[in-house]
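Just below is one structure, and these are the notes that go with it.
Sequence positions, counted from 1, serve as the residue numbers for this chain.
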Amino acid sequence: MSKRIAFLIPAVIVSAAVSVACSDSEAPAEDHTPVRFDVAVNLDTVTGPVDTLRLPAGPSDSVVIIFYNAGDENLDHAEAEHYSLLTFYEADGVTVATGITSTMDPSHHFRHKVDLTAPAGTKGHLVIGFGHDALADENAFDLGYSIE
């Protein structure tokens, strides 16, 4: 074996090992921090900016939150390890609303069943939470809601 080939083989092996090590450790972390959202009510998407969530009066609605990070990437791919929470308040923004409840779909953490017994014309304040557990208290978005 020539000296040149004998030198190249170890050099290639070391270069490949360094390349693999660097690509694993220097890869940018995925950004799962939401900065904005869209909402779909009964499969009708309302794109942002959403300042009031309009819910049709009736027994229940499907509400899906579509979160986006600062790179405007949809965070649906992170749904398995993240959660959302919808908390409805009276118009004062402090008292938990009566006649409106939300239940997260356990297999789709950004989808909720919203049960409404409050009458049309009811308005209030909604907090959309986002986080790594069912408390979804790491990020929050505030907006109004109206039952129509």
Could you grab the distance from atom CZ of Phe67 to atom CD1 of Ile65, nearest 0.5 Å is fine? 5.5 Å
So, taking the atom named CG in Leu86 and the one named CG in Leu53, what distance separates them when rounded to the nearest 0.5 Å? 8.0 Å
Beyond-backbone contact of Asp38 with Tyr68, side-chain heavy atoms, under 4.5 angstrom: yes
Nearest-0.5 Å distance that lies between atom CG in Asp61 and atom CG in Asn42: 4.5 Å
Cationic N near anionic O, under 4.0 Å, Arg36 to Asp72: yes
Hey, what do you get for CZ (Phe110) to CZ (Phe37), rounding to the nearest 0.5 Å? 13.0 Å
Might you work through the side chain to side chain contact (heavy atoms under 4.5 Å, CB included) test for Lys113 and Val63, ending with a clear yes or no? CA-CA 6 Å; Lys113 178 182 174 198; Val63 175; over 6 Å; no
Which atom pair, heavy atoms only, marks the closest approach of Asp51 to Leu143? O-CB, 3.4 Å
Does Thr101 offer a backbone N or O that forms a donor-acceptor pair with the side chain of Asp115 under 3.5 Å? no
What do the steps show when you test Leu55 against Phe88 for side chain to side chain contact (heavy atoms under 4.5 Å, CB included), and what is the final call? CA-CA 12 Å; Leu55 299 166; Phe88 292 89; 4.0 Å; yes
Enumerate donor-acceptor pairs with a distance under 3.5 Å from any side-chain N or O in residues 121-130 to protein atoms, sequence neighbours excluded.
| residue | atom | partner | partner atom | Å |
| --- | --- | --- | --- | --- |
| Thr122 | OG1 | Pro119 | O | 2.7 |

I want to know whether His109 and His82 have ring centres closer than 6.0 Å. no
Using the side chain to side chain contact (heavy atoms under 4.5 Å, CB included) rule, take Leu85 and Tyr83 through it: C-alpha gap first, then chi angles, then the decisive distance, then the call. CA-CA 7 Å; Leu85 181 69; Tyr83 295 79; over 6 Å; no
Dump the intermediate steps for side chain to side chain contact (heavy atoms under 4.5 Å, CB included) on His112 and Ser84, then the final yes or no. CA-CA 9 Å; His112 301 265; Ser84 64; 2.7 Å; yes
Atom of Pro56, atom of Val41 and distance for their closest heavy-atom approach: CD-CG1, 3.9 Å
For the residue pair Ile147 and Ile100, what are the closest heavy atoms and their distance? CD1-CD1, 4.4 Å
Check side chain to side chain contact (heavy atoms under 4.5 Å, CB included) between Asp133 and all other residues, then give those that pass, not counting sequence neighbours. Leu135, Asp137
Please give me the minimum heavy-atom distance between Ile66 and Asn74, naming the atom from each residue. CG2-ND2, 3.3 Å
I'd like to know if the side chain of Glu90 and the backbone of Thr98 have a donor-acceptor N/O pair within less than 3.5 Å. yes
Are the side chain of Glu138 and the backbone N or O of His132 linked by a donor-acceptor pair below 3.5 Å? yes
Output for pair (His108 NE2, Ser62 OG), nearest 0.5 Å, gives 10.0 Å
